[in-house]
*Asks:* 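Below is a structure I'd like to ask you about.
Computed over heavy atoms, backbone and side chain alike; hydrogens, waters and symmetry mates excluded.
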Amino acid sequence: MAATITLLLSLLILMVKVGDAEQVLKLQNPRLMNCRFAKIYQFGDSLSDTGNCIRETLCGANLSCGALPYGMDFYQNATGRCSNGMLIIDFIAVESGLPLLNPYKDENADFRHGVNFAVAGCTALSAKSLAENNIVNIALTNSSLSVQLDWMSSHFQTTCSPVIHYTNLFAKYDYSLLQIALTDFLDFPEKLNKSLFLVGEIGGNEFIYGLSQGKTMDESRRMVPEVVQTIIHGVKRVIGFGATQIIVPGNFPIGCHPIFLTKFMTNISTAYDEYHCLKDLNNFAIFFNRNLQQAIDELKKDYPNITLIYGDYYNAFLWLLQNAGSLGFDNNSLQKACCGIGGEYNYDVHRRCGAPRVPVCVDPSTHISWDGVHLTQNAYRWIARWLIDDILPKLNCQV
């Protein structure tokens with residue numbers, strides 16, 4: 001209990017209103033601050049998207065995360081985060097002593113401390129590869145991992161472009177501004193060297209869409225090598241841009257999510273494990289994660305000077321599930337959606353969170369699942385805490 005209280009205190013946040021804006025400040029010393037990250041760059045899907053999908057025409061029109069009750073605990077503001085509040089990447093940024101990452105699609109945003117390229121509903125595989133596998137992206141976005149990497153390339157080119165712009169000032173003898181531009185340009189490689197890159201979680205939606213559209217487990221397993229290699233290719237591109245500290249997260253135990261517990265509900269008791277999660281789906285997630293881990297280990301051999309870390313989302317979630325009661329979650333609602341209606345898991349694919357007359361639970365902090373697919377802010381907070389405990393020693397930061 002004492003350890004739990006200590007962790008809770010270390011995660012307290014203070015909201016300070018500054019004009020019309022609000023900043024999130026840590027009360028305790030953020031542990032990742034010891035790594036002195038200059039920037040953070042995030043690629044991924046709805047587990048990480050902080051507002052890109054809602055800025056795409058089709059994706060935004062199809063996404064419920066852009067309106068309340070999403071964001072109800074994030075200053076009562078639906079920013080495009082698919083939760084009631086903050087996400088894992090938000091807590092990682094706060095723990096690093098950096099501002100929350102702005103979405104790439106927000107053209108007026110401040111990107112001095114990094115960029116979030118993640119798009120809700122996206123896949124690791126390209127639209128072409130999805131079509132070849134007879135899978136329809138129901139989120140209506142083509143912003144796959146390769147597209148997000150192209151955005152990063154464009155962003156870096158734009159970031160360096162001021163040196164070209166300010167050379168015009170040389171003719172006006174404004175040497176001070178020219179010097180600032182040149183300094184920014186010359187410091188850019190060093191800042192990348194001090195940046196943290198998160199390539200994922202990504203590569204889960206392919207299987208969610210496939211299984212929902214009738215793909216068998218064997219068909220899904222046969223897709224795993226292609227998805228993993230797509231992620232690894234993305235990591236190589238990130239390294240090529242100058243990244244030296246990279247986290248590649250795996251997938252959650254999807255057999256514990258209300259969306260799948262509802263879709264694949266069965267009276268066969270042996271289909272469930274001791275946490276009432278579906279064994280077959282969790283075994284699939286384990287299979288995917290092992291393939292990803294093996295690919296990362298192989299990549300480390302080619303890049304011995306690059307810090308490559310597997311982000312163990314699976315075991316972070318299991319730890320949360322195993323300790324939910326002592327962490328303040330309601331043991332009777334561990335697999336029920338907070339925002340939802342109907343059935344054993346409070347989830348109905350035809351009446352999802354955000355639809356008219358779909359209620360929200362009284363206290364989202366007592367639930368792990370927010371909408372049957374995504375987690376609550378409190379769940380993400382504890383998972384982020386577990387992940388930081390796991391990755392911090394591997395980052396070789398001065399603690």
Side-chain angles (χ1 to χ4, degrees), residues 44-47 64-65 82-83 120-124 130 133 135-139 200-224 227 249-290 292 313-322 324 329 332-355 358 361 367-376 379-380 383:
D45 53 27
S46 59
L47 297 186
S64 57
C65 303
C82 292
S83 179
C122 83
T123 56
L130 281 181
N133 283 284
I135 295 175
V136 177
N137 184 330
I138 58 175
E201 181 274 338
I202 196 166
N205 283 331
E206 288 90 331
F207 305 112
I208 292 177
Y209 300 152
L211 290 169
S212 299
Q213 293 165 24
K215 289 281 185 184
T216 66
M217 201 64 72
D218 285 342
E219 288 175 318
S220 297
R221 282 176 179 265
R222 286 196 291 270
M223 285 175 55
V224 166
V227 175
N251 279 326
F252 284 134
I254 58 176
C256 301
H257 291 343
I259 180 176
F260 283 126
L261 286 167
T262 299
K263 181 173 178 58
F264 298 106
M265 186 184 297
T266 175
N267 292 323
I268 303 174
S269 60
T270 55
Y272 299 92
D273 63 16
E274 64 268 38
Y275 307 110
H276 195 71
C277 300
L278 288 162
K279 292 179 184 177
D280 283 352
L281 287 168
N282 279 1
N283 286 337
F284 173 78
I286 291 171
F287 176 76
F288 174 87
N289 290 338
R290 283 178 179 168
L292 181 60
Y313 279 24
Y314 189 99
N315 281 309
F317 186 97
L318 278 192
W319 171 83
L320 175 63
L321 195 58
Q322 292 163 356
F329 293 90
N332 295 318
S333 303
L334 297 183
Q335 290 166 327
K336 293 182 179 179
C338 166
C339 180
I341 191 170
E344 185 175 342
Y345 307 102
N346 208 35
Y347 179 82
D348 184 342
V349 69
H350 301 296
R351 298 181 65 193
R352 292 180 290 184
C353 182
V358 172
C361 64
H367 283 63
I368 290 177
S369 178
W370 164 244
D371 59 5
V373 181
H374 310 97
L375 309 187
T376 61
Y380 283 138
I383 286 173

*Asks:* Tyr272 vs His276 aromatic rings, parallel, tilted or perpendicular, using cut-offs 30° and 60°?
*Replies:*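 Judged by the thresholds at 30° and 60°, the geometry between Tyr272 and His276 is parallel.
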*Asks:* Within the distance-only criterion (no hydrogens, no angle test), does the side chain of Gln213 pair as donor or acceptor with the backbone N or O of Gly210 below 3.5 angstrom?
*Replies:*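 Not confirmed, Gln213 side chain does not pair with Gly210 backbone.
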*Asks:* Can the ring centres of Phe317 and His257 be said to be less than 6.0 Å apart?
*Replies:* yes
*Asks:* What residues form a side chain to side chain contact (heavy atoms under 4.5 Å, CB included) with Pro258, not counting sequence neighbours?
*Replies:*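 Checked Pro258 against side chain to side chain contact (heavy atoms under 4.5 Å, CB included); matches are Tyr345, Tyr347, Ser369.
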*Asks:* Is the gap between the ring centers of Phe252 and Tyr314 under 6.0 Å?
*Replies:* no
*Asks:* Looking at every non-hydrogen atom in both residues, tell me the closest pair between Phe329 and His367 and how far apart they are.
*Replies:* CE2-O, 3.3 Å
*Asks:* Check for a donor-acceptor pair, side chain of Ser83 on one end and backbone N or O of Leu375 on the other, with a separation under 3.5 Å.
*Replies:* yes
*Asks:* With Ile368 as reference, evaluate Leu321, Thr376, Ile383 under the side chain to side chain contact (heavy atoms under 4.5 Å, CB included) test and give the passing residue.
*Replies:*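 Only one option passes, and that is Leu321.
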*Asks:* To the closest 0.5 Å, what do you measure between CG (Asp371) and OG (Ser46)?
*Replies:*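 That separation rounds to 8.5 Å.
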*Asks:* Determine if the SG-SG distance between Cys338 and Cys361 falls under 2.5 Å.
*Replies:*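 Taking the criterion (SG atoms under 2.5 Å apart), Cys361 and Cys338 satisfy it, so yes.
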*Asks:* At what distance, to the nearest 0.5 angstrom, does SG of Cys256 lie from CG of Asp273?
*Replies:*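 Between Cys256 SG and Asp273 CG, I get 6.0 Å after rounding to 0.5 Å.
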*Asks:* Quick one: closest heavy-atom pair of Ala139 and Ala120, and the distance?
*Replies:*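 Closest heavy-atom pair between Ala139 and Ala120: CB-O, 4.4 Å.
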*Asks:* Could you walk me through whether Val227 and Phe288 pass side chain to side chain contact (heavy atoms under 4.5 Å, CB included), step by step?
*Replies:* CA-CA 9 Å; Val227 175; Phe288 174 87; 3.7 Å; yes
*Asks:* Step by step, would you call Met223 with Ile135 a side chain to side chain contact (heavy atoms under 4.5 Å, CB included)?
*Replies:* CA-CA 11 Å; Met223 285 175 55; Ile135 295 175; 3.6 Å; yes
*Asks:* Set out, in order, the CA-CA distance, both residues' side-chain angles and the distance that settles side chain to side chain contact (heavy atoms under 4.5 Å, CB included) for Asp45 and Glu201, then state yes or no.
*Replies:* CA-CA 7 Å; Asp45 53 27; Glu201 181 274 338; 2.8 Å; yes
*Asks:* Could you tell me the separation between the CG atom of Leu334 and the CG atom of Asn332, rounded to the nearest 0.5 Å?
*Replies:*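 Here the rounded value is 8.0 Å.
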*Asks:* Does a sphere of radius 6.0 Å around CZ in Arg352 hold more than 12 heavy atoms from other residues, nucleotides or ligands, not counting ones at 6.0 Å or beyond?
*Replies:* no
*Asks:* If you measure only the distance, is there a donor-acceptor pair under 3.5 Å linking the side chains of Gln335 and Tyr275?
*Replies:*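 The answer is no; no qualifying pair exists.
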*Asks:* At their closest point, which heavy atom of Gly44 faces which heavy atom of Cys122, and how far apart are they?
*Replies:* O-SG, 3.1 Å
*Asks:* Show the numbers, then the answer: is there a side chain to side chain contact (heavy atoms under 4.5 Å, CB included) between Phe207 and Val224?
*Replies:* CA-CA 9 Å; Phe207 305 112; Val224 166; 3.9 Å; yes
*Asks:* Please find the pair of heavy atoms, one from Pro249 and one from Leu292, that lie closest to each other, and give the distance.
*Replies:*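 Scanning both residues completely, I find the closest heavy atoms to be O-CD2, 3.5 Å.
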*Asks:* Side-chain contact test, heavy atoms from C-beta onward, threshold under 4.5 Å: evaluate it for Asn137 versus Asn205 and give yes or no.
*Replies:*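 The answer is no; the side chains never approach within 4.5 Å.
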*Asks:* How long is the straight-line distance from CD1 of Ile208 back to CG of Asn251, given to the nearest 0.5 Å?
*Replies:* 7.5 Å
*Asks:* Distance from Leu211 atom CG to Met217 atom CE, nearest 0.5 Å?
*Replies:* 5.5 Å
*Asks:* Write down the atom of Lys279, the atom of Thr270, and the distance for their closest heavy-atom approach.
*Replies:*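 Taking Lys279 first and Thr270 second, the nearest heavy atoms are NZ-O, 3.1 Å.
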*Asks:* Any sub-3.5 Å donor-acceptor pair from Lys336's side-chain atoms to Glu344's backbone N or O?
*Replies:*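 Side chain of Lys336 to backbone of Glu344, a donor-acceptor pair under 3.5 Å: no, none is there.
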*Asks:* Closest approach of Gly354 and Cys339, non-hydrogen atoms and distance?
*Replies:*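 Looks like N-SG, 4.1 Å.
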*Asks:* Could you state the interatomic distance from SG (Cys277) to CG (Leu261), rounded to the nearest 0.5 Å?
*Replies:*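 One gets 6.5 Å once the value is rounded to the nearest 0.5 Å.
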*Asks:* Is there a side-chain contact between Arg221 and Phe284 in this structure, where contact means two heavy atoms from C-beta onward sitting under 4.5 Å apart?
*Replies:* yes
